[in-house]
There are 6 protein chains.
Amino acid sequence: MKAYLTRRYRFCAAHRLHSEAMSEAENLATYGKCNNPHGHGHNYLLEVTVGGQVDGQTGMVCNLVELDDVVGREILSRYDHENLNTLPDFSGKVTTSEVLAEQIFNILRREFHAAHLERVKLEETSLNSFEYTGGAEMR
Amino acid sequence: MKAYLTRRYRFCAAHRLHSEAMSEAENLATYGKCNNPHGHGHNYLLEVTVGGQVDGQTGMVCNLVELDDVVGREILSRYDHENLNTLPDFSGKVTTSEVLAEQIFNILRREFHAAHLERVKLEETSLNSFEYTGGAEMR
Amino acid sequence: MKAYLTRRYRFCAAHRLHSEAMSEAENLATYGKCNNPHGHGHNYLLEVTVGGQVDGQTGMVCNLVELDDVVGREILSRYDHENLNTLPDFSGKVTTSEVLAEQIFNILRREFHAAHLERVKLEETSLNSFEYTGGAEMR
Amino acid sequence: MKAYLTRRYRFCAAHRLHSEAMSEAENLATYGKCNNPHGHGHNYLLEVTVGGQVDGQTGMVCNLVELDDVVGREILSRYDHENLNTLPDFSGKVTTSEVLAEQIFNILRREFHAAHLERVKLEETSLNSFEYTGGAEMR
Amino acid sequence: MKAYLTRRYRFCAAHRLHSEAMSEAENLATYGKCNNPHGHGHNYLLEVTVGGQVDGQTGMVCNLVELDDVVGREILSRYDHENLNTLPDFSGKVTTSEVLAEQIFNILRREFHAAHLERVKLEETSLNSFEYTGGAEMR
Amino acid sequence: MKAYLTRRYRFCAAHRLHSEAMSEAENLATYGKCNNPHGHGHNYLLEVTVGGQVDGQTGMVCNLVELDDVVGREILSRYDHENLNTLPDFSGKVTTSEVLAEQIFNILRREFHAAHLERVKLEETSLNSFEYTGGAEMR
């Protein structure tokens, strides 16, 4: 019996969409007001989905405390109340939610081993969300 | 690296569930109060999911502006603040959300090319939602 | 000790904003696409707030079952899955949410006596809500 | 044309996470405050997803009335306003949401035949949700 | 310049509606399935509203950290993951949300002094909420 | 017959809580991680409530189009996708939501005349909201 659990986390961060590979005019044409020079910000809603066999003794896929520990230490302490553009993680990258979701997925795949990481979903605003599954079909 | 993005849109419309292939009694038995003769309506929440490679330069699956343009022109201007039963799109069809979701999917597959259309999800009320994936397994 | 309780109800209805006191051009200028001739519709979220002394024996302002009975019989059965413009309640009136909220308030004030009706709030879409308090300051 | 529909239901229940296969100290270490002896409770949000061909005549995957009947009779009447730990369904089991989701899935697979049961999703709090698909890949 | 701030907290608890002042038959007639002997539970959403002058130097009504400290120590640690009926706070009382809201209001009025406590609002389920203002008009 | 209508708007902005009247150590002690030097950001949810007599001919308190025009031109174009700390509106002020709500209220009171401005409510995150009523009792 394999089950899936999804846990929600929230963090607030500033960013500016700007690609060093493009001219100022191209940046403005591509990102519009998201390219405003002083940046803006979001309340990010992060959903982490993990899957695995349900342990016969505990009745759990994994202990949420372990997931909270890894996400708190590796993700929230790194990005919450920060300006993403000033962080080394995004050096030479554009701080879109696609890139941020991939970054979070890769960190969690490396650091969390109590169950199988299935998907990272990042809601940037109430209108936009982004999912990354590490190459697997979207779930 | 393939990622998925989901964008939410809203529109309001009236409809009446009524099948020309059934008698009045069968219609009433099948659709209950949704068959009321003068119609009723909903605030539809539409979620469009597209997937694709993340562009190395822009950090995006596709530009949301392009998706907004197509959905605005092809879907919202067609269905928002309309009575679905009076539209040619639903001639000879029943205006269930299953049929409406399929219709929206087919229009978007034809008109939107900046990324791969994965799924259309239509929330008719806070209790009911419907998904159409064009024949692929549900995502 | 006076407390307040708010109960949420939902109903779906069609309507068209159109005033018999105005010309077609004035109607279109005033209501825009809400004036579309075949109507459109909404999932209305209705919040009813009542207040009163907390009963020492039951610990309740009033029994929610009684409120549900009155709202179900007098409001939901009257408006759910209907076209508001075809109902006698709105003869000669415009079916705006302001008018609908006042109508619901007046019906409930007349029919519900187990606690004091404080406010009716009607959410027409996730962006718009309307409140009527029967002349008291908004709460 | 295959489509999917998801219907939401709500029920309230008490439970205590406690495994008979573990000592008191192990239970406390595993479940933390969820192991508190007198129990606590939740407003569970249940989402049932079914899929199937859209009927050409009715425009529906299945009639929601039939799904409501089965879920009401087999799930809500069994678990709503109950203490899960006192029910025979969970004798010798831990009342985690993983186990509860599997239990609901198995009951519905046995009792509902109007469309194919795809997934049961159970939101325990606004931060945690659990999905069970009966062995299929998560959808 | 007086402003108001509202902070949301969540806790999970079990309870059973049962009045010692009534017979078993009266309890059942009054509370219905909320009177089920083994109890049930809820995810309570607590909103605390405080008001005051905005400090010219800090730009704040009060520091949310102080409010979080008091609510965490005096409310959440007392009620979260507990069975309300077993707590001394509700000895001889019925654990309705009206009574719980009054209890929380009285504790906070006694313990929190950094701004004026205006209102406690308790959402028991997504359909029901309860407010207590200590005798002031509802806000 | 006086009624109230509330309209929701959303904007995204960056800010940093920092008071020029305090030392660095005091700023850190007061604002914690909200004082991080590079700033962070939020999805602000703005609710504007206006009240007035319901017009007998139109059935409306005021035309939402007019409110949208003023809020769009005076608020959203000013703050959306901006860094609040770099704007002249907040020169010498701290960009708390209390100060931002007061600023929005004062602009709208000056610019919007089609109904009486009752309240501005600003939700900074899903946990925090702030209200300003221009000196009137909170509504």
Side-chain angles (χ1 to χ4, degrees), chain A residues 4 15-23 25-35 42 44-47 49 84-85 89-106 109 118-139, chain B residues 1-12 43-72 75-76 80 105 108-109 112 114-123 126 129 131-139:
Chain A
Y4 302 88
H15 77 152
R16 179 201 183 194
L17 296 188
H18 186 88
S19 170
E20 297 172 5
M22 296 193 290
S23 70
E26 286 170 319
N27 269 292
L28 188 58
T30 303
Y31 301 120
K33 60 188 178 180
C34 298
N35 185 241
H42 298 293
Y44 290 94
L45 171 61
L46 168 66
E47 292 187 4
T49 300
L84 301 179
N85 294 49
D89 294 28
F90 299 100
S91 170
K93 294 181 179 173
V94 187
T95 54
T96 58
S97 287
E98 287 95 328
V99 171
L100 180 53
E102 182 205 20
Q103 186 81 1
I104 292 171
F105 187 93
N106 290 339
R109 173 141 288 177
E118 305 275 347
R119 181 186 60 179
V120 160
K121 183 176 178 184
L122 199 58
E123 195 173 293
E124 190 184 69
T125 72
S126 62
L127 297 183
N128 301 330
S129 62
F130 301 85
E131 297 175 57
Y132 185 64
T133 60
E137 281 299 294
M138 188 186 67
R139 291 159 185 298
Chain B
M1 172 204 173
K2 187 181 183 188
Y4 303 87
L5 74 83
T6 298
R7 182 87 164 158
R8 285 186 181 141
Y9 304 91
R10 295 174 190 278
F11 62 94
C12 304
N43 303 328
Y44 290 94
L45 171 61
L46 168 66
E47 293 187 4
V48 178
T49 299
V50 303
Q53 296 300 311
V54 177
D55 183 280
Q57 183 167 292
T58 64
M60 301 193 298
V61 167
C62 70
N63 202 318
L64 282 175
V65 173
E66 294 179 54
L67 184 56
D68 288 357
D69 282 352
V70 174
V71 173
I75 307 298
L76 304 185
D80 188 29
F105 186 94
L108 291 181
R109 173 141 289 177
F112 181 73
H116 184 254
L117 181 64
E118 304 275 345
R119 182 186 60 179
V120 160
K121 184 176 177 184
L122 199 58
E123 195 173 293
S126 63
S129 61
E131 297 173 56
Y132 185 65
T133 61
E137 281 298 293
M138 187 186 68
R139 294 162 184 295

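Chain identifiers are assigned alphabetically (A, B, ...) following the order of the sequence lines, protein sequences preceding nucleic acid strands; residue numbering begins at 1 within each chain.
With chain B as partner, the option from Ser97(A), Ser126(A), Gly134(A) having the largest number of non-hydrogen pairs under 4.5 angstrom is Ser126(A). Comparing Val94(A), Leu127(A), Thr96(A) by how many heavy-atom pairs each has under 4.5 Å with chain B, the most go to Leu127(A). Ranking Val65(B), Leu64(B), Thr58(B) against chain A, the residue ahead of the rest is Thr58(B), based on heavy-atom pairs under 4.5 Å.
Phe105(A) does not touch chain B: none of its heavy atoms, backbone or side chain, sits under 4.5 Å away. Interface remark: Val61(B) contributes backbone and side-chain atoms alike to the contact with chain A (heavy atom separation under 4.5 Å). For Glu123(A), the part lying under 4.5 angstrom from a heavy atom of chain B is the side chain only.
Under the salt bridge (Lys or Arg N to Asp or Glu O under 4.0 Å) criterion, Glu47(A) pairs with Arg8(A), sequence neighbours left out. Remark: Asp69(B) engages no residue in a salt bridge (Lys or Arg N to Asp or Glu O under 4.0 Å) (not counting sequence neighbours).
Here the side chain of Asn27(A) pairs a donor or acceptor atom with the backbone of Met22(A) at under 3.5 angstrom. Checked by atom type and distance alone, the side chain of Asn128(A) never pairs as donor or acceptor with a backbone atom of Arg7(B) at under 3.5 Å.
Looking only at atom types and distance, the side chain of Arg16(A) has no donor-acceptor partner in the side chain of Asn85(A) under 3.5 Å away.
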